[in-house]
J.: 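My structure is below; once you've seen it, I'll send some questions.
Atoms considered below: every heavy atom in the structure, side chains included; atoms not considered: hydrogens, waters and symmetry mates. Since the structure is predicted, the reported quantities are computational estimates derived from the model, not experimental observations.
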Amino acid sequence: MGKVFRLFACCLLVKGVKRAVICDLQRDSMYFVTIPFWEILTNTQDLSIEEILESYSNQIGEEEIVAFFESLVNKDLGFWTDEPEVFPQIELTWENPSIITNAIIDHNDSYHHNFALIFSKLELVGCRDVQVRCYDYLSLSELHSILELLERKRIKSIEFIIKYNNEIDMKAMLILTEKYLRIKSIIVHSAPQTITHRFTGQSEVNMGNIIMTEQVIDSNRCCGIITPDYFLVGLPSFTEGLNFNSCLNRKLGIDIDGSLKNCPSMKKSFGNIYTDDIVDVVSSSVFQETWRINKDKITTCKVCEFRYVCTDCRAFLESDTSLEKPLKCNYDPYSLEWKN
């Protein structure tokens with residue numbers, strides 16, 4: 001038997017209704033593949049190039065097939081081998097020891113959260129990443145107070161979405177990210193102009209980002225937008241999206257009044273952070289029900305080539321059916337177009 005072709009283990013092929021993509025989970029990249037070439041890659045794993053040409057040259061043409069495999073090799077996506085058995089496929093399970101991996105806390109002037117209590121309870125369920133969304137003004141002193149509470153906590157990162165005011169400017173945010181290394185990002189909305197700063201110091205990769213944007217974020221109805229800017233092409237996110245809901249799995253939402261939800265933008269509440277046992281709430285089967293709604297179960301999403309790298313939203317849907325595609329997704333996998 002001659003040499004057979006193998007994609008590298010980190011390069012996974014995902015078929016959509018009109019085209020496929022190769023997701024390079026090591027280099028966070030995607031490459032488009034036509035359906036005929038998806039069929040070749042899928043159906044000829046035990047064939048040599050001569051056997052592939054014999055089987056498919058009448059459909060596609062020898063030069064196109066040879067050029068296709070050459071491009072995959074040149075892009076470092078695959079290789080030819082006479083020992084395919086020594087190259088096993090990558091493990092695609094997803095596991096995490098935490099009951100809750102991430103939490104979103106909504107905050108406004110109507111209620112003032114007890115962040116010390118909230119952070120302590122989040123540690124009980126193993127939460128490592130927190131986002132605070134503030135639709136009203138949050139003072140610089142309040143920001144410092146919240147961040148100081150994390151100094152002896154196991155929460156490893158925090159993101160802020162806060163409203164612009166005279167003391168919440170780029171200089172002040174830079175000082176914050178330099179002092180508190182757990183800050184993953186600060187998004188300042190309703191700003192007079194859009195400015196982006198990416199931290200380049202010695203802290204953890206992709207930490208300390210600052211974005212000042214003119215966009216107004218005045219309620220939890222502003223979330224749920226699906227865009228390629230939010231695609232995550234890495235092994236942990238890919239395997240999570242393959243097996244679970246890419247937005248809600250292991251997420252806890254805390255609304256402005258302390259209500260415990262799958263996401264603060266969703267209507268259904270399962271209790272309150274101030275009065276209920278957080279472990280009991282998030283361990284219940286009814287709370288975890290949405291975790292298992294992956295893209296293979298969602299209308300339209302299940303035929304989309306981006307389904308395992310895309311985010312999701314169950315808060316805003318096209319209808320009341322829980323398995324509808326996100327309302328704020330404007331991609332059509334049948335036309336391959338992002339509509340305005």
Side-chain angles (χ1 to χ4, degrees), residues 1-97 205 228 231-246 249 292-298 300-312 331 333-334 336:
M1 183 180 74
K3 290 186 175 183
V4 298
F5 186 81
R6 287 288 183 271
L7 290 171
F8 285 111
C10 62
C11 297
L12 301 181
L13 195 60
V14 181
K15 179 182 179 291
V17 67
K18 290 293 186 179
R19 66 181 173 187
V21 292
I22 297 173
C23 296
D24 186 339
L25 306 185
Q26 183 170 310
R27 284 163 288 197
D28 301 334
S29 303
M30 289 190 298
Y31 304 86
F32 294 112
V33 176
T34 64
I35 295 299
F37 281 118
W38 170 85
E39 292 177 354
I40 289 178
L41 286 173
T42 303
N43 299 328
T44 64
Q45 294 194 19
D46 296 322
L47 302 183
S48 66
I49 185 62
E50 291 79 16
E51 292 170 320
I52 293 173
L53 292 174
E54 183 178 348
S55 300
Y56 286 92
S57 59
N58 289 336
Q59 302 176 33
I60 300 177
E62 290 190 8
E63 290 185 2
E64 288 82 357
I65 294 174
V66 171
F68 172 70
F69 282 103
E70 286 181 349
S71 71
L72 294 180
V73 173
N74 291 335
K75 292 174 181 175
D76 208 21
L77 299 174
F79 57 98
W80 294 96
T81 178
D82 52 11
E83 296 180 305
E85 67 278 0
V86 303
F87 299 101
Q89 294 182 341
I90 198 169
E91 179 60 56
L92 294 178
T93 57
W94 185 89
E95 296 179 349
N96 193 291
V205 175
F231 285 178
L232 295 173
V233 191
L235 181 59
S237 53
F238 185 96
T239 52
E240 186 174 18
L242 179 68
N243 295 283
F244 299 99
N245 187 273
S246 56
N249 182 48
R292 294 178 288 274
I293 304 176
N294 66 6
K295 290 298 184 70
D296 288 326
K297 298 177 181 178
I298 298 172
T300 305
C301 297
K302 62 186 178 183
V303 298
C304 179
E305 65 271 26
F306 300 125
R307 60 189 178 274
Y308 303 136
V309 302
C310 185
T311 52
D312 187 44
Y331 181 67
Y334 293 94
L336 308 180

J.: Check whether any side-chain heavy atom of V303 sits under 4.5 Å from a side-chain heavy atom of Y334, and report yes or no.
T.: yes
J.: Report the residues that fulfil side-chain hydrogen bond (donor to acceptor under 3.5 Å, both in side chains) with E85, sequence neighbours left out, ordered by chain and then residue number.
T.: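 Testing E85 for side-chain hydrogen bond (donor to acceptor under 3.5 Å, both in side chains), a comparison that skips the adjacent residues, returns none.
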J.: Could you grab the distance from atom CD1 of I298 to atom OG of S246, nearest 0.5 Å is fine?
T.: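 If I round to the nearest 0.5 Å, the distance is 7.5 Å.
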J.: So, using side-chain hydrogen bond (donor to acceptor under 3.5 Å, both in side chains) as the criterion, who are the partners of Y56 when residues are at least two apart?
T.: none
J.: Quick one: side chain to side chain donor-acceptor pair (under 3.5 Å) pairs with a partner in residues 57-72, sequence neighbours left out?
T.: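 Every candidate side chain to side chain donor-acceptor pair (under 3.5 Å) pair involving residues 57-72 fails, so no pair, neighbours aside, qualifies.
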J.: Working to the nearest 0.5 Å, report the span between CG of D296 and CG of L242.
T.: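 Rounded to the nearest 0.5 Å, the CG-CG separation comes to 7.0 Å.
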J.: Taking all heavy atoms of I293 and all of N245, pick out the closest pair and write down the distance.
T.: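 Closest approach of I293 to N245: O-ND2, 2.8 Å.
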J.: Could you check whether N294 and Y308, counting side-chain N and O atoms only, form a donor-acceptor pair closer than 3.5 Å?
T.: no
J.: Return each pair, listed once, that meets side chain to side chain donor-acceptor pair (under 3.5 Å) where at least one residue sits in residues 20-31; pairs must be two or more places apart or across chains.
T.: D24-R27, R27-D76
J.: Taking side-chain hydrogen bond (donor to acceptor under 3.5 Å, both in side chains) as the definition, give me every residue that meets it alongside E91, ordered by chain and number, with sequence neighbours left out.
T.: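 Partners of E91 by the side-chain hydrogen bond (donor to acceptor under 3.5 Å, both in side chains) criterion, ordered by chain and then number, come out as T93.
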J.: Which heavy atom in P88 sits nearest to a heavy atom in A9, and how many Å separate them?
T.: O-CB, 4.0 Å
J.: Between T239 (side chain only) and P236 (backbone N and O only), is there a donor and an acceptor less than 3.5 Å apart?
T.: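 Yes: the side chain of T239 pairs with the backbone of P236.
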J.: Using the test side chain to side chain contact (heavy atoms under 4.5 Å, CB included), find all partners of N96 that sit at least two apart in sequence or belong to another chain.
T.: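 Counting only residues at least two positions away or on another chain, N96 forms a side chain to side chain contact (heavy atoms under 4.5 Å, CB included) with W94, S98, T101, R250.
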J.: Find out whether M30 and V309 are in side-chain contact, i.e. whether some heavy atom of one side chain is under 4.5 Å from a heavy atom of the other.
T.: yes
J.: I need the F8 CZ to L72 CG distance, nearest 0.5 Å.
T.: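 It is 10.5 Å, given to the nearest 0.5 Å.
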J.: Donor-acceptor pairs are to be reported for all side-chain atoms of residues 10-20 against protein atoms at under 3.5 Å, with residues two or more places apart or in another chain.
T.:
{"from": "R19", "atom 1": "NE", "to": "E305", "atom 2": "OE2", "distance (Å)": "2.7"}
{"from": "R19", "atom 1": "NH2", "to": "E305", "atom 2": "OE2", "distance (Å)": "3.2"}
{"from": "R19", "atom 1": "NH2", "to": "Y331", "atom 2": "OH", "distance (Å)": "3.2"}

J.: Please name all residues satisfying side chain to side chain contact (heavy atoms under 4.5 Å, CB included) with F87, sequence neighbours left out, ordered by chain then number.
T.: F79, T81
J.: Kindly write out the residues that satisfy ring-ring contact (aromatic ring centres under 6.0 Å, His included) with F37, not counting sequence neighbours, or none if the list is empty.
T.: F68
J.: Considering residues at least two apart in sequence or located in another chain, which fulfil the side chain to side chain contact (heavy atoms under 4.5 Å, CB included) criterion with P36?
T.: T34, I60
J.: Quick one: side-chain hydrogen bond (donor to acceptor under 3.5 Å, both in side chains) partners of N249, sequence neighbours excluded?
T.: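 Partners of N249 under the side-chain hydrogen bond (donor to acceptor under 3.5 Å, both in side chains) test: E240.
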J.: What distance separates L232 CG from C23 SG, expressed to the nearest 0.5 Å?
T.: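 Going from CG on L232 over to SG on C23, the span is 11.5 Å.
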J.: Measure the shortest side-chain to side-chain distance between K297 and K302 over non-hydrogen atoms and say whether it is less than 4.5 angstrom.
T.: no
J.: Side-chain contact, heavy-atom cut-off 4.5 Å: K295 with C310?
T.: yes
J.: What are the two closest heavy atoms between L77 and I22, and how far apart are they?
T.: CD1-CD1, 4.3 Å
J.: Would a 4.5 Å heavy-atom cut-off, applied to side chains only, mark F5 and L41 as touching?
T.: yes
J.: Within the side chain of T44, is there an N or O that forms a donor-acceptor pair under 3.5 Å with the backbone of L47?
T.: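 Not at all, since once roles are kept as given, no pair shorter than 3.5 Å links the two residues.
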